[in-house]
Structure formats: C-alpha cells, structure tokens
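The structure appears right after this line, and notes come after that.
Source: prediction; values computed, not measured.
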Amino acid sequence: MLHTIEIYFLLFLTYAFLGWCMEVTCKLIQFKRFINRGFLVGPYCPIYGWGALAITLLLQRYTNDIIVLFVMAVIVCSFIEYFTSYFMEKKFHARWWDYTEKKFNLSGRVCLENSCLFGLGGVFIVSILHPFLDGLVSIIPHNVLIILSIVLFVMFMIDVIITVTTMCQ
C-alpha cells in the first residue's frame, strides 16, 4: 500500500501514544501512582513512534523469519534508544532513563533486558499490530485524514516548541 506523509504521521502518533501508555502503566504498577513518562506534555513518547516506524519500514521483509526479525528489531531499537539518550543528555543535560544498575548495559543508555523486550515488541509490531493499524488508517477518508493530520501535527508541534523552549531556559 502506498503511504502518504499523513498516514506515516498518524502511525507515528499512534505508536508514540501506545508507547506512552505502556510506560505509564509500568510506572503505575511499579510505584502505585501516575508518572508521565513522556518527554513532552502530551500523551506520547516520540521514541516509540520513531522506533515502530523504523522497524516497520526497515524490517517488513523479515516477517517470515521471526528470528532474524527479532535480532534486527533488537539492533534497530537499541540504536535508536542509545542515540536518543545520548542526544537528549547532551542537549538538555538530563537523563530520561538510566540502566546502569542492570546487567549488560552500555553506558546506562541501553541494556540487554530492554533490548530483548524491544525485539519481542518488534516482532509483535511488524507481524500483528502494524498490519492491523495499517488497515484501520487506510479506511480513513482522504479529506478526514488530511484535516486530522494537520490538527494533530499543529498540536504536536506546539507541545514540542513549548517543551523545548521551557527546557532550554
């Protein structure tokens, strides 16, 4: 299926939202209280959006080889997590996650345990979730898709601008 920028953006936001939900749920279970795990104010973690888009675009051809798909998802997602952590630390002088207490970590930015979870998540996303979401997004009428994408993009960019401006002061 041919995708437009609007479809990619809606998929990005959907994955970012689902990642945020997963993060918030884990922290709710761990600490028994709500913790907004996102870098931004809104209910989304862009790193999950980028990661999911990256693996769906790069790894689709490995759908029939689950082992290769798993390994490649580990590599792609770990790369994204490492360099996102590095960039955010250099830009904002803060760390949003730190795995130094976990075994087999690399500078506290990535660890084997989470990388394996990303591999499992990658298999699930490429094999099951993405085909489902792709089907849902493809039935949105074109005019609605354009308007929805513009509105959500403006809201997202306002959040980015406010967050980055606040953090850089």
Side-chain angles (χ1 to χ4, degrees), residues 1 3 5 7-92 94-137 152 156 159-160 163-164 167:
M1 173 180 177
H3 286 79
I5 191 75
I7 289 174
Y8 283 123
F9 181 67
L10 287 182
L11 289 171
F12 164 80
L13 276 186
T14 302
Y15 291 126
F17 173 72
L18 292 173
W20 179 85
C21 289
M22 183 183 66
E23 287 280 341
V24 166
T25 300
C26 288
K27 293 304 172 190
L28 189 60
I29 291 167
Q30 183 179 2
F31 296 111
K32 309 288 189 261
R33 64 184 175 91
F34 174 83
I35 299 172
N36 182 5
R37 288 287 297 155
F39 165 70
L40 302 170
V41 175
Y44 31 71
C45 291
I47 191 171
Y48 285 96
W50 290 120
L53 278 185
I55 61 173
T56 57
L57 292 171
L58 298 172
L59 307 181
Q60 200 67 45
R61 64 179 162 257
Y62 303 113
T63 303
N64 294 328
D65 191 341
I66 199 164
I67 301 299
V68 172
L69 178 58
F70 172 83
V71 170
M72 296 298 287
V74 165
I75 292 168
V76 169
C77 292
S78 296
F79 178 85
I80 291 170
E81 183 176 43
Y82 184 91
F83 285 100
T84 299
S85 172
Y86 179 83
F87 170 78
M88 291 178 74
E89 184 177 340
K90 295 305 176 199
K91 176 72 179 161
F92 302 112
R95 281 192 126 171
W96 274 260
W97 58 90
D98 186 354
Y99 303 129
T100 52
E101 299 299 317
K102 294 192 177 225
K103 284 187 175 183
F104 309 110
N105 75 80
L106 183 58
S107 303
R109 299 182 194 289
V110 294
C111 68
L112 183 60
E113 178 185 336
N114 282 32
S115 293
C116 289
L117 291 172
F118 291 144
L120 291 173
V123 169
F124 172 73
I125 288 169
V126 172
S127 303
I128 297 167
L129 185 59
H130 185 73
F132 173 74
L133 291 176
D134 208 28
L136 284 180
V137 171
L152 291 174
F156 181 77
D159 192 346
V160 169
T163 300
V164 171
M167 295 198 68

Find the distance between CG (L136) and CG (L10) and round it off to the nearest 0.5 Å.
11.5 Å

What pairs of residues pass the salt bridge (charged side-chain N to carboxylate O under 4.0 Å, His left out) test when at least one of them lies in residues 62-89, not counting sequence neighbours?
E89-R95, E89-R109

Is the CG atom of L106 crowded by more than 12 outside heavy atoms at less than 6.0 Å?
yes

Non-hydrogen side-chain atoms of L18 and Y48 separated by less than 4.5 Å
no

Over 12 foreign heavy atoms within 6.0 Å of CH2, W97:
yes

Side chain proximity check, Y15 to L129, heavy atoms < 4.5 angstrom:
yes

Can you tell me if CZ on F104 sees more than 12 non-hydrogen neighbours from other groups inside 6.0 Å?
no

How many angstroms lie between atom OG1 of T163 and atom CE of M167, to the nearest 0.5 angstrom?
8.0 Å

Can you tell me how far OG1 of T63 sits from CD1 of I128, rounded to the nearest 0.5 angstrom?
11.0 Å

Rounded to the nearest 0.5 Å, the CZ atom of F39 sits from the CD1 atom of I47 at a distance of 11.5 Å

Hey, does K102 have a side-chain heavy atom less than 4.5 Å from the side chain of N114?
yes

State, to 0.1 Å, how close G122 and A73 come at their nearest heavy-atom pair, and which atoms those are.
CA-CB, 3.9 Å

Would you call Y62 and V71 a side-chain contact if the rule is heavy atoms closer than 4.5 Å?
no

Flag the pair H3 / V137 as yes when at least one side-chain heavy-atom distance between them is below 4.5 Å, and no otherwise.
no

Could you list the residues that satisfy side-chain contact (heavy atoms from CB on, under 4.5 Å) with V24, not counting sequence neighbours?
W20, F34

Assess whether atom CD of E101 is packed by more than 12 heavy atoms of other residues, nucleotides or ligands within 6.0 Å.
no

Residues which pass side-chain contact (heavy atoms from CB on, under 4.5 Å) with L28, listed by chain and number, not counting sequence neighbours
none

Rounded to the nearest 0.5 Å, the SG atom of C45 sits from the CZ atom of F17 at a distance of 10.5 Å

Does the side chain of F118 reach to within under 4.5 Å of the side chain of V74, using non-hydrogen atoms?
no

Write down the atom of G51, the atom of I80, and the distance for their closest heavy-atom approach.
CA-CD1, 3.8 Å

Using ring-ring contact (aromatic ring centres under 6.0 Å, His included) as the criterion, list what pairs up with F124, not counting sequence neighbours.
none

ring-ring contact (aromatic ring centres under 6.0 Å, His included) for Y8 and F12? Distances and angles first, verdict last.
CA-CA 6 Å; Y8 283 123; F12 164 80; over 10 Å; no

More than 12 heavy atoms from other groups under 6.0 Å of OH on Y82
yes

Where do H130 and I55 land on the side-chain contact (heavy atoms from CB on, under 4.5 Å) test, with the steps shown first?
CA-CA 10 Å; H130 185 73; I55 61 173; over 6 Å; no

Hey, what do you get for CE (M72) to SG (C77), rounding to the nearest 0.5 Å?
11.0 Å

Contact check, side chains of Y44 and D159, non-hydrogen atoms, under 4.5 Å:
yes

For K27, all residues meeting salt bridge (charged side-chain N to carboxylate O under 4.0 Å, His left out), sequence neighbours excluded
none

I need the full list of side-chain hydrogen bond (donor to acceptor under 3.5 Å, both in side chains) pairs touching residues 66-80, with sequence neighbours left out, sorted by first then second residue.
S78-S115

Considering all heavy atoms, the nearest P131-V126 contact
CD-O, 3.5 Å

For V164 and F92, what are the C-alpha separation, side-chain angles and deciding distance, and is it a side-chain contact (heavy atoms from CB on, under 4.5 Å)?
CA-CA 9 Å; V164 171; F92 302 112; 4.2 Å; yes

